[in-house]
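Below is one structure, written out as structure tokens; comments come after it.
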Amino acid sequence: MPRPWTEQKVVAFRKARDDDRQKLGLPRFESLTEEEKKIALVQEHDELRDREETAMRMTAWPLEKHAPNPFWAPRAGVLQCPEEYGGAGGCYNVTQFSEGADLNTLVYRHYASSVADHLMDFEATNFVAHDGVRPARHELVGPRPHVAGYRVRKGIAEILFWDQYLQKAWVGSSFWRQELEFDEEVEGWFVDKMKMWEW
């Protein structure tokens, strides 16, 4: 998504990048050859993704506990809650929510509840206990599932899971990584938050 750059913002961005490079004993970005710029941009991309993923792991909340902070829905929509790890069985619980609803509370309540009778027959793995007691739903979505956020597309909110034990990030039936966007105007990488929110 194009950013609204002004001349002042471009100058400030380039100065901040050069200041960071100078602290590391590296030359100014503009003084690099095209080949050196390509190498520097690969490093910038990888460092930014690593920083964002570390921040995600630090702020993701464990599914078996209440979220430390609310996550207010900016619009009404539908929340999809997979019933097992990786959405493997294609079985989802769907809950409608209104604008201003706390998605974190909806998710916690859903996964803290016991597995419904009609789901007791399907072959989901219980990652936590094998004692025959009716499992809580969070026990079926991974050994240490955490909620890292939400991806909303066309009014359907999907949970971005991070499993601390498996060291895997997943959403729906696939794995996910923080998406980055390259901005040609300043030749730099940015976190693409907008790809997570498409109403």
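Just so it is clear, the values below take in all heavy atoms, side chains as well, and ignore hydrogens, waters and symmetry mates.
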Taking only residues two or more places apart in sequence or in another chain, which ones pass side chain to side chain contact (heavy atoms under 4.5 Å, CB included) with His66? Tyr108
Report the relative orientation of the aromatic rings in Phe13 and Phe190; use parallel for angles under 30°, tilted for 30 to 60°, perpendicular for over 60°. tilted
Between Asp183 and Trp5, is any pair of side-chain heavy atoms under 4.5 Å apart? yes
Distance check, rounded to the nearest 0.5 Å: His45 atom NE2 versus Leu180 atom CG? 4.5 Å
Identify the two heavy atoms, one from Val141 and one from Pro82, that lie closest to each other, and give their separation to 0.1 Å. CG1-O, 3.6 Å
Quick one: list whatever passes side chain to side chain donor-acceptor pair (under 3.5 Å) with Glu36, sequence neighbours left out. Thr33
Side chains of residues 21-30: which donor-acceptor pairs under 3.5 Å do they make with residues two or more places apart or in other chains?
residue : atom : partner : partner atom : Å
Arg21   : NE   : Pro27   : O            : 2.7
Arg21   : NH2  : Pro27   : O            : 3.3

Residues in side chain to side chain donor-acceptor pair (under 3.5 Å) with Glu187, at least two apart? none
Going by ring-ring contact (aromatic ring centres under 6.0 Å, His included), name the residues that satisfy it together with Trp61, two or more places apart in sequence or in a different chain. none
Of the non-hydrogen atoms in Ser98 and Ala73, which two are nearest, and what is the gap between them? O-CB, 4.0 Å
So how far is it from Phe161 CZ to Tyr85 OH, rounded to the nearest 0.5 Å? 11.0 Å
For the NE2 atom of His110 and the CG atom of Leu79, what is their distance to the nearest 0.5 Å? 8.0 Å
Minimum heavy-atom separation for Ala67 and Asn104, please, with both atom names. CB-CB, 3.6 Å
So Arg75 and Val152, side chain to side chain contact (heavy atoms under 4.5 Å, CB included) or not? Walk me through it. CA-CA 10 Å; Arg75 294 203 176 100; Val152 179; over 6 Å; no
Indicate yes or no: at least one non-hydrogen side-chain atom of Val78 is less than 4.5 angstrom from one of Thr95. no
The side chain to side chain donor-acceptor pair (under 3.5 Å) partners of Asn69 (sequence neighbours excluded) come to none
Restricting to non-hydrogen atoms, name the atom on Ala148 and the atom on Ala60 that form the minimum distance, rounded to 0.1 Å. CA-CB, 3.9 Å
Under the side chain to side chain contact (heavy atoms under 4.5 Å, CB included) test, residues paired with Lys65 that sit two or more places apart: Pro62
Going by ring-ring contact (aromatic ring centres under 6.0 Å, His included), name the residues that satisfy it together with Phe175, two or more places apart in sequence or in a different chain. none
So, using side chain to side chain contact (heavy atoms under 4.5 Å, CB included) as the criterion, who are the partners of Thr54 when residues are at least two apart? Arg57, Met58
Student check: side-chain heavy atoms of Glu83 and Leu140 closer than 4.5 Å: no
Rounded at 0.5 Å granularity, tell me how far CD in Glu179 sits from CZ in Arg49. 8.0 Å
Once you measure the plane-to-plane angle for Tyr150 and Phe71, does it fall in the parallel (<30°), tilted (30-60°) or perpendicular (>60°) bin? tilted
With a 4.5 Å limit on heavy-atom distance, are the side chains of Leu41 and Glu44 in contact? yes
Would you please name every residue forming a side chain to side chain contact (heavy atoms under 4.5 Å, CB included) with Val42, sequence neighbours left out? Asp46
Reported CG-to-CD distance for the pair Leu63 and Glu139, which is rounded to 0.5 angstrom: 10.5 Å
Hey, what else clusters with Ile39 if you join Ile, Leu, Val, Met, Phe, Trp, Tyr whenever side-chain heavy atoms sit under 4.5 Å? none
Contact summary for Leu166 and Pro143, nearest pair of heavy atoms: CD1-CD, 3.6 Å
When rounded to the nearest 0.5 Å, the distance separating CH2 of Trp189 from CD of Glu52 is 14.0 Å
May I ask you to test the Pro145-Tyr111 pair for a side-chain heavy-atom distance under 4.5 Å? no
Which residue pairs pass the side chain to side chain donor-acceptor pair (under 3.5 Å) test with at least one member in residues 156-169, sequence neighbours excluded? Arg144-Gln164, Arg151-Glu158
